[in-house]
Asker: 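If you scroll down you'll find the structure; I have some questions about it.
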Amino acid sequence: MNTMKAVRIHAYGGPEVLRYEEVLRPEPGPGEVLIRVHAAGVNPVDWKIREGYLKQMLHHSLPLIPGWDVSGVVAAMGPGAVRLKAGDEVYSRPDIARDGAYAEYIVVGETEVALKPKTIDHVHAAAIPLAALTAWQSLFDAAGLGAGQKVLIHAAAGGVGSFAVQLAKWKGAQVIGTASKGNHDFVRNLGADEAIDYQTTRFEDMVRDVDVVFDTIAGETQKRSWKVLKKGGILVSILGQPSAEEAAAHGVRQASVFVQPSAMQLDEIAKLVDSGKLRPIVETVLPLAEARRAQELSQTGHTRGKIVLRVV
Ligand SMILES: NC(=O)c1ccc[n+]([C@@H]2O[C@H](COP(=O)([O-])OP(=O)(O)OC[C@H]3O[C@@H](n4cnc5c(N)ncnc54)[C@H](OP(=O)(O)O)[C@@H]3O)[C@@H](O)[C@H]2O)c1
């Protein structure tokens, strides 16, 4: 059978445009692998793309299968793909310009695929790639976070934040996270030294001389973050380019990160998971057919850890 079940959008819009339907199974081209999807992670970018917010940037053609986090098993190799073999258990943050993983099968460039952590199941592995790579590339590649430095992580209880807290702690940094009160024990258990309730407290009154601000919120939160940085510190945002003028006025640096696929970094992350130093937090698991509910939950902006769709 060359068809499969998938969730697609045929037009941009609200959650109702997500359709669970029978579609053609994709074929791997040169340098690509076909993955039997076992689980697909859900991220805010999925509903942002669905709403059409990123159409100027990403130029998708519709219909489109959303979902750029996958864990599954290699089903077939395209011509010239030699790094992996059929039966390998893998995970990936695939190319966001192409069809995603809300489906029984996905085709992914083999340079974007790594062997999944051995000690966790596919549901937990699918929660990792996009959010953990974002945290890794922001804290380590963009900010150069090192041992003994102080980092303020906004939305520390969310998908990206829950990895950022653990990765920063693993590096030996002093970690301060913002979250609502009900998430403070959770954030401390992940390794944060301090949790600030952003709903009742102005974080800029509590924090100073920070080496790195990790901005996962933008807007007012970003504007108020400049003053907590020490001179020469850096604000890294994952929601667009922060103002170079503001950075200069505060004597600090700024950077913007849009997460890139990386099999090499996923290999490093898998080692951390298998050695017990990093754990994905999965709050909700839903069947593929309930992708609409998953995106509605994600859109509330209050996910603790991750939401994952189970496909097998
Ligand atoms: N540039 C990139 O490559 C990239 C990659 C990944 C994500 N992103 C973007 O980064 C953002 C975060 O992604 P995510 O996956 O972590 O989202 P998420 O999992 O949906 O984040 C939910 C978390 O945000 C917290 N939160 C909400 N408002 C807050 C505030 N004002 N201050 C502090 N915490 C707050 C909530 O905590 P409480 O429930 O305690 O309020 C909740 O735990 C999204 O906009 C996403 O699109 C960008």
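Along the sequence shown, the residues carry numbers beginning at 1. Numbering of ligands and ligand atoms starts at 1, following listing order.
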Asker: Do Lys223 and Ser243 come within less than 4.5 Å of each other through their side chains, counting heavy atoms only?
Answerer: no
Asker: Between Tyr198 and ligand 1, is there a nitrogen or oxygen pair with a distance under 3.5 Å?
Answerer: yes
Asker: Once you measure the plane-to-plane angle for His38 and His122, does it fall in the parallel (<30°), tilted (30-60°) or perpendicular (>60°) bin?
Answerer: tilted
Asker: For atom 21 (O) of ligand 1, what is the nearest protein heavy atom, given as residue, atom name and distance?
Answerer: Gly158 CA, 3.8 Å
Asker: Enumerate the atoms of ligand 1 whose separation from the nearest heavy atom of Val257 is less than 4.0 angstrom.
Answerer: 1 (N), 2 (C), 3 (O)
Asker: Is there a polar contact between ligand 1 and Gly159, counting only N or O atoms under 3.5 Å apart?
Answerer: yes
Asker: Which residue owns the protein heavy atom closest to atom 47 (O) of ligand 1, what's the atom, and how far is it?
Answerer: Lys48 NZ, 2.7 Å
Asker: Whether the side chain of Asp211 engages the backbone of Lys150 through a donor-acceptor N/O pair (distance < 3.5 Å, no angle test) should be reported.
Answerer: yes
Asker: Is there a nitrogen or oxygen of Ser180 sitting under 3.5 Å from a nitrogen or oxygen of ligand 1?
Answerer: yes
Asker: Is Ile217 in polar range of ligand 1, meaning some N or O pair under 3.5 Å apart?
Answerer: no
Asker: Before accepting this row, confirm whether a basic side-chain N of the pair Arg98/Glu112 lies closer than 4.0 Å to the acidic partner's carboxylate O.
Answerer: no
Asker: Tell me: protein heavy atom nearest atom 37 (O) of ligand 1, and distance?
Answerer: Asn183 ND2, 4.0 Å
Asker: Considering only NZ, NE, NH1 and NH2 on the basic side and carboxylate oxygens on the acidic side, decide whether Lys169 and Asp193 come within less than 4.0 Å.
Answerer: yes
Asker: If we only count N/O pairs under 3.5 Å, is His302 in contact with ligand 1?
Answerer: yes
Asker: Hydrophobic clusters here meaning ILVMFWY residues chained together by side-chain heavy-atom distances under 4.5 Å, can you tell me if Ile307 and Val282 are in one?
Answerer: no
Asker: Give the residue and atom name of whichever protein heavy atom lies nearest to atom 20 (O) of ligand 1, and the separation in Å to one decimal.
Answerer: Pro44 CG, 3.7 Å
Asker: Are Glu283 and Arg304 close enough for a salt bridge, meaning some N to O gap below 4.0 Å?
Answerer: no
Asker: Short list, please: which atoms of ligand 1 are under 4.0 Å from a heavy atom of Leu130?
Answerer: 5 (C), 6 (C)
Asker: Please check if the side chain of Lys116 supplies one atom and the backbone of His124 the other of a donor-acceptor pair under 3.5 Å.
Answerer: no
Asker: If you group Ile, Leu, Val, Met, Phe, Trp and Tyr by side-chain heavy-atom gaps below 4.5 Å, do Leu145 and Leu152 land in one group?
Answerer: no
Asker: Shortest non-hydrogen contact from Thr300 to Leu297?
Answerer: OG1-O, 2.7 Å
Asker: At what distance is the nearest protein heavy atom to atom 42 (C) of ligand 1, and which residue and atom is it?
Answerer: Thr303 O, 3.2 Å
Asker: Of all the atoms in ligand 1, which lie at a distance below 4.0 Å from a heavy atom belonging to Ala155?
Answerer: 24 (O), 25 (C), 33 (C), 34 (N), 35 (C)
Asker: Looking only at heavy atoms, what is the nearest atom pair of Pro129 and Val70, with distance?
Answerer: CG-O, 4.4 Å
Asker: Which residue holds the protein heavy atom closest to atom 5 (C) of ligand 1, what is that atom called, and what is the gap in Å?
Answerer: Thr134 OG1, 3.2 Å
Asker: May I ask you to list the atoms of ligand 1 that are less than 4.0 angstrom from any heavy atom of Val259?
Answerer: 2 (C), 3 (O)
Asker: Could you list the atoms of ligand 1 found under 4.0 angstrom from a heavy atom of Thr178?
Answerer: 33 (C)
Asker: Which option, Val236, Ile238, Thr300, Leu297, owns the non-hydrogen atom nearest atom 8 (N) of ligand 1?
Answerer: Ile238
Asker: Parallel, tilted or perpendicular, judged at 30° and 60°: which one describes the rings of Trp47 and Tyr53?
Answerer: perpendicular
Asker: Can you tell me the protein heavy atom closest to atom 36 (C) of ligand 1 and the distance?
Answerer: Gly301 O, 3.4 Å
Asker: Looking only at protein heavy atoms, which one is nearest to atom 11 (C) of ligand 1, and what is the separation?
Answerer: Thr216 O, 3.4 Å
Asker: Using a 4.0 Å heavy-atom cut-off, say whether Gln199 meets ligand 1 through its side chain, its backbone, both or neither.
Answerer: neither
Asker: Could you check whether Gln299 and Glu51, counting side-chain N and O atoms only, form a donor-acceptor pair closer than 3.5 Å?
Answerer: yes
Asker: Taking only heavy atoms of Val160 into account, list the atoms of ligand 1 that are under 4.0 Å away from them.
Answerer: 6 (C), 7 (C), 13 (O), 14 (P), 15 (O), 16 (O)
